[in-house]
Amino acid sequence: MGKEGAAVNTHLKTGEETTVASGEDLCNAHVGFDRMDGRYLFIQQNRGQRMGPNGRIETTDPTLGATLFVVSRDGRERIELPIARPLFTGSITGHEAWIKGQPEILYSAGGSINPDPNDKRKGNVFVIRLGEKAPRLIIDDPITHGHVSTSACGRFWVNDRWDPQGIYIAVGSIQTGRWRNLCQVGSRILKDEI
């Protein structure tokens, strides 16, 4: 959905492109329009990373970690979200999702709010509402969750859960936080990836 290092909005009828955000750390932007009226887009900012000359993402500063910000469709308004380092021990995992009809984004991240330095939790799923000072924890699991998606009705989420024994598809309620593994997908994560 864009040029290297830029998030670009392309008008489907005219083909006109508008750059809504740019920077070398937008090398894997995962842009997503809101599910209200399409006025806002979230953009994944891979802080401390850039696209290398070989076309692969390179890490330049591993202490920064990925985060999200929101921009208006025309790129004039930018909203920072309090969802990653330094507030958390980890960073977002990527592939976030808007919740239908709400100014809210569901995402997964490592670590926790106001973390203890010894906190090694990795499997948190959160919701951040535009304008809020902190996200709301949906689930806390010692196993990493990633690639979140939300249902068309806005009540449920689904993602992949990266258990060292195998990858599972997990499903849960945004309102109650109740969730469970739905099925194992028949693949696994290499030990150095989690």
Side-chain angles (χ1 to χ4, degrees), residues 1 28-36 38 40-47 57 65-70 81-194:
M1 169 154 211
N28 195 18
H30 297 336
V31 177
F33 278 99
D34 74 61
R35 294 176 67 194
M36 296 172 297
Y40 292 108
L41 301 90
F42 65 61
I43 298 174
Q44 180 173 309
Q45 181 180 13
N46 286 35
R47 300 176 302 177
I57 295 174
T67 191
L68 287 180
F69 62 89
V70 172
L81 300 174
I83 63 170
R85 293 177 185 150
L87 298 172
F88 292 80
T89 54
S91 64
I92 65 169
T93 62
H95 302 274
E96 304 76 22
W98 286 94
I99 297 173
K100 183 183 179 191
Q102 299 296 321
E104 296 181 330
I105 300 165
L106 183 87
Y107 70 98
S108 57
S112 59
I113 300 172
N114 300 317
D116 176 304
N118 299 314
D119 185 358
K120 303 296 184 207
R121 290 179 293 171
K122 296 170 76 173
N124 297 323
V125 175
F126 295 92
V127 169
I128 185 68
R129 186 174 184 87
L130 298 187
E132 293 290 317
K133 293 186 183 342
R136 182 175 83 246
L137 179 66
I138 300 297
I139 68 164
D140 184 8
D141 182 8
I143 304 296
T144 301
H145 289 250
H147 304 102
V148 297
S149 185
T150 57
S151 64
C153 66
R155 295 174 47 213
F156 303 101
W157 57 264
V158 64
N159 66 20
D160 48 11
R161 183 171 177 260
W162 311 340
D163 190 302
Q165 305 306 312
I167 300 173
Y168 291 83
I169 300 298
V171 63
S173 167
I174 293 169
Q175 286 79 25
T176 69
R178 290 177 37 194
W179 69 278
R180 67 179 46 227
N181 287 329
L182 188 61
C183 64
Q184 192 170 16
V185 299
S187 62
R188 63 184 175 85
I189 296 287
L190 299 176
K191 194 169 194 138
D192 61 345
E193 292 180 342
I194 53 174

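Below, all heavy atoms of this structure are taken into account, side chains as well, without hydrogens, waters or symmetry copies.
- For the pair D140 and L137, the tightest heavy-atom approach, listed with the atom from each and the gap, is CB-CD2, 4.0 Å.
- Side-chain atoms of P82 and I128, non-hydrogen and from C-beta on, do get closer than 4.5 Å to each other.
- Under the side chain to side chain donor-acceptor pair (under 3.5 Å) criterion, N46 pairs with Q44, Q49, sequence neighbours left out.
- Atom CD1 of I138 sits about 6.5 Å away from atom CG of L106, to the nearest 0.5 Å.
- Taking the side chain as every heavy atom from C-beta outward, I83 and I105 never approach each other to under 4.5 Å.
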*Do R136 and I174 pass the side-chain contact (heavy atoms from CB on, under 4.5 Å) test, and can you show the C-alpha distance, the side-chain angles, and the key distance before you say yes or no?*
CA-CA 10 Å; R136 182 175 83 246; I174 293 169; 4.0 Å; yes

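- Residues satisfying the side chain to side chain donor-acceptor pair (under 3.5 Å) test with Y40, not counting sequence neighbours, are E77.
- Under the side chain to side chain donor-acceptor pair (under 3.5 Å) criterion, T150 pairs with R35, sequence neighbours left out.
- Y107 pairs with exactly one of F126, W98, W157 by the ring pair (Phe, Tyr, Trp, His ring centres under 6.0 Å) rule, that one being F126.
- Partners of S149 by side-chain contact (heavy atoms from CB on, under 4.5 Å), not counting sequence neighbours, listed by chain and number: V158.
- In this structure, T93 contributes its side chain and G146 its backbone to no donor-acceptor pair below 3.5 Å.
- Contact record, S108 with H145: OG-O, 2.9 Å, taken as the closest heavy-atom pair.
- Within the 4.5 Å cutoff, the side chain of L130 has heavy atoms near those of the L81 side chain.
- Of the possible polar contacts, none joining the D163 side chain to the I167 backbone as a donor-acceptor pair under 3.5 Å is found.
- For S173, the side chain to side chain donor-acceptor pair (under 3.5 Å) partners two or more places apart in sequence, or in a different chain, are T176.
- Judged purely by atom type and a 3.5 angstrom limit, R47 uses its side chain to pair as donor or acceptor with the backbone of G65.
- With sequence neighbours excluded, no residue satisfies salt bridge (charged side-chain N to carboxylate O under 4.0 Å, His left out) with R155.
- With sequence neighbours excluded, the residues forming a ring pair (Phe, Tyr, Trp, His ring centres under 6.0 Å) with H147 are H95, W162, listed by chain and number.
- Note that CD1 of I43 is 9.5 Å distant from CG of L68, once rounded to the nearest 0.5 Å.
- Applying the side-chain contact (heavy atoms from CB on, under 4.5 Å) rule to Q102 yields the partners I99, E104, R129; only residues at least two apart in sequence or on another chain are considered.
- Between W179 and D141, the closest side-chain pair of non-hydrogen atoms falls below 4.5 Å.
- One finds the CG atom of D160 at 10.0 Å from the OG1 atom of T144 (value rounded to the nearest 0.5 Å).
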